[in-house]
Protein chains: 2
Amino acid sequence: MKKEKDNIEYCGQTIIHEDIVKEINDRMLKDETVMALAEFFKVFGDSTRLKILYALSMSEMCVCDLAALLSMSQSAISHQLKVLRQTRLIKYRKDGKVVYYSLDDDHIRRVFEQGLAHVNE
Amino acid sequence: MKKEKDNIEYCGQTIIHEDIVKEINDRMLKDETVMALAEFFKVFGDSTRLKILYALSMSEMCVCDLAALLSMSQSAISHQLKVLRQTRLIKYRKDGKVVYYSLDDDHIRRVFEQGLAHVNE
DNA sequence: ATATCATATGAATAATTGTTCATATGTTGT
DNA sequence: ACAACATATGAACAATTATTCATATGATAT
């Protein structure tokens, strides 16, 4: 049941299973795409932002609401909302001084669900 | 078309739409769950790890292969593989000195797809 | 045993990032 | 115009993290 060792070269620095590396290299994602993807997931990689997103998946909320809900400073929440806005995960509407935030699309709910599915094994 | 401003309180530090905050608070995820989720997504929030995962979604590969493919040091790759192992995203098998890595389940492909869907708008 | 090779790992460093603090912007009501 | 309030933002600081460098481990072949 051993794999063919025939094409195991030396790995001085670089060379190995040349054929495989070449093939995978051809099918690899563009660097640009990978970086965009990383930025996207990075946004989900913070508890505060996840909580905000989860809260907004249930109801639109203003900044004060969110700060109270998460027991965090208005400033901290506002900074994070900016990140979420810039990555187009949330949108907002103004009503006087109050700004109401909500999810930008349902798409995000699905990402969330995939994550939860993995976490809950 | 104005929203009812009736229950807009003052936001001195904390109080606001009390009713909404209370309801959302009750339906909020456990802190433990949120942190696990954040850890999970954090792993996807790095270009190197994304490239590794994408490569492994096409074929199992050894450490040397990956280092060559991504033009990175063996050490850097090895450190990242450790992260991916610890979060159960990849598994490995040994054949002599060579260690072959592969995806742990197809689940990960789906997360990837969701991300790509968002990035490609 | 020893040399060689593939991989792993600890420590150090550089870069990134979340939160706080202080302050600015913009809106409402007087 | 002014005071009060909701939100936004820049700078500073602390914590986290990806990579490099040096070295360790474990396996093969001679």
Side-chain angles (χ1 to χ4, degrees), chain A residues 2-3 5 7-17 21 34-35 38-39 41-52 60-87 90 92-101, chain B residues 2-3 5 7-17 21 34-35 38-39 41-52 60-87 90 92-101:
Chain A
K2 291 274 167 185
K3 276 284 151 75
K5 306 191 171 185
N7 47 1
I8 296 185
E9 312 286 345
Y10 5 73
C11 186
Q13 246 41 284
T14 28
I15 335 273
I16 340 90
H17 306 74
V21 173
V34 175
M35 279 173 58
E39 292 311 311
F41 284 121
K42 211 172 283 182
V43 178
F44 285 88
D46 175 79
S47 318
T48 302
R49 286 191 294 264
L50 282 181
K51 286 178 193 167
I52 292 175
E60 75 167 8
M61 294 180 89
C62 71
V63 181
C64 259
D65 284 343
L66 288 167
L69 177 67
L70 306 187
S71 307
M72 290 180 64
S73 73
Q74 174 269 318
S75 179
I77 298 295
S78 202
H79 277 295
Q80 295 299 5
L81 287 171
K82 187 178 189 180
V83 174
L84 293 170
R85 248 187 291 128
Q86 287 172 336
T87 46
I90 60 175
Y92 65 95
R93 93 187 152 78
K94 288 187 163 185
D95 184 15
K97 328 172 212 175
V98 183
V99 181
Y100 292 93
Y101 283 91
Chain B
K2 289 276 166 185
K3 275 287 152 74
K5 307 191 170 186
N7 47 0
I8 296 187
E9 313 287 344
Y10 2 73
C11 187
Q13 245 44 284
T14 29
I15 334 271
I16 341 90
H17 305 74
V21 173
V34 174
M35 278 173 60
E39 292 310 312
F41 284 122
K42 211 171 284 182
V43 178
F44 285 87
D46 175 79
S47 317
T48 301
R49 285 191 295 264
L50 281 181
K51 286 179 192 166
I52 292 175
E60 74 167 8
M61 294 180 89
C62 70
V63 181
C64 258
D65 283 343
L66 288 166
L69 177 68
L70 306 187
S71 307
M72 290 181 62
S73 73
Q74 175 268 318
S75 178
I77 298 295
S78 202
H79 277 295
Q80 295 299 5
L81 287 172
K82 188 179 188 178
V83 174
L84 294 169
R85 248 187 289 127
Q86 286 172 336
T87 47
I90 59 174
Y92 64 95
R93 92 184 151 81
K94 287 188 165 185
D95 184 14
K97 328 172 214 178
V98 183
V99 181
Y100 293 94
Y101 283 91

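Residue numbering restarts at 1 for every chain, and letters A, B, ... go by the order of the sequence lines.
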Nearest-nucleotide pick for [X], side chain only, options being [options]:
X: Lys82(A); options: dA6(C), dA6(D), dT9(D); answer: dT9(D)
X: Ser78(B); options: dT19(C), dT7(D), dT9(C); answer: dT9(C)
X: Arg49(B); options: dT7(D), dT27(C), dA18(D); answer: dA18(D)
X: Cys64(A); options: dT7(D), dT9(D), dT9(C); answer: dT7(D)

To the nearest angstrom, how far is [X] atom [atom1] from [N] atom [atom2]?
X: His79(A); N: dG18(C); atom1: NE2; atom2: P; answer: 11 Å
X: Met72(B); N: dT19(D); atom1: CE; atom2: P; answer: 4 Å
X: Ile77(B); N: dA8(C); atom1: CD1; atom2: C1'; answer: 13 Å
X: Leu70(B); N: dA18(D); atom1: CG; atom2: P; answer: 15 Å
X: Leu50(B); N: dT17(D); atom1: CG; atom2: C1'; answer: 15 Å
X: Lys97(A); N: dG29(C); atom1: NZ; atom2: P; answer: 7 Å
X: Gln86(B); N: dA18(D); atom1: CD; atom2: P; answer: 12 Å
X: Tyr101(B); N: dA8(C); atom1: OH; atom2: P; answer: 4 Å

Below the 4.0 Å mark, does [N] have OP1 or OP2 next to a side-chain nitrogen or oxygen of [X]?
X: Tyr92(B); N: dA8(C); value: no
X: Gln80(A); N: dT19(C); value: yes
X: Lys42(A); N: dT17(C); value: yes
X: Thr48(B); N: dT19(D); value: yes

Next on the checklist: Quick check against the 3.5 Å criterion: does Arg49(A) have a side-chain atom that pairs as donor or acceptor with the backbone of Phe44(A)?
Outcome noted: no
Next on the checklist: With a 3.5 Å distance limit and no angle check, can you tell me whether Arg93(A) reaches the backbone of Tyr100(A) through a side-chain donor-acceptor pair?
Outcome noted: no
Item to check | Heavy-atom check, side chain of Leu81(A) versus side chain of Leu66(A), under 4.5 Å | outcome: yes
Checklist entry - Hey, does the side-chain of Ser75(B) have a donor or acceptor N/O within less than 3.5 Å of a partner on the base of dT9(C)? => result yes
Checklist entry - Do Gln74(B) and dA8(C) have a side chain to base donor-acceptor pair shorter than 3.5 Å? => result yes
Checklist entry - What does Ser73(A) touch in the nucleic acid at a heavy-atom separation under 4.0 angstrom: a base, only the sugar-phosphate, or nothing? => result sugar-phosphate
Next on the checklist: For a quick check under 3.5 Å, do Tyr101(B) and Arg85(B) share a side-chain donor-acceptor pair by atom type?
Outcome noted: yes
Checklist entry - Out of curiosity, Glu39(B) CD to Gln86(B) CD, how far, rounded to the nearest 0.5 Å? => result 11.0 Å
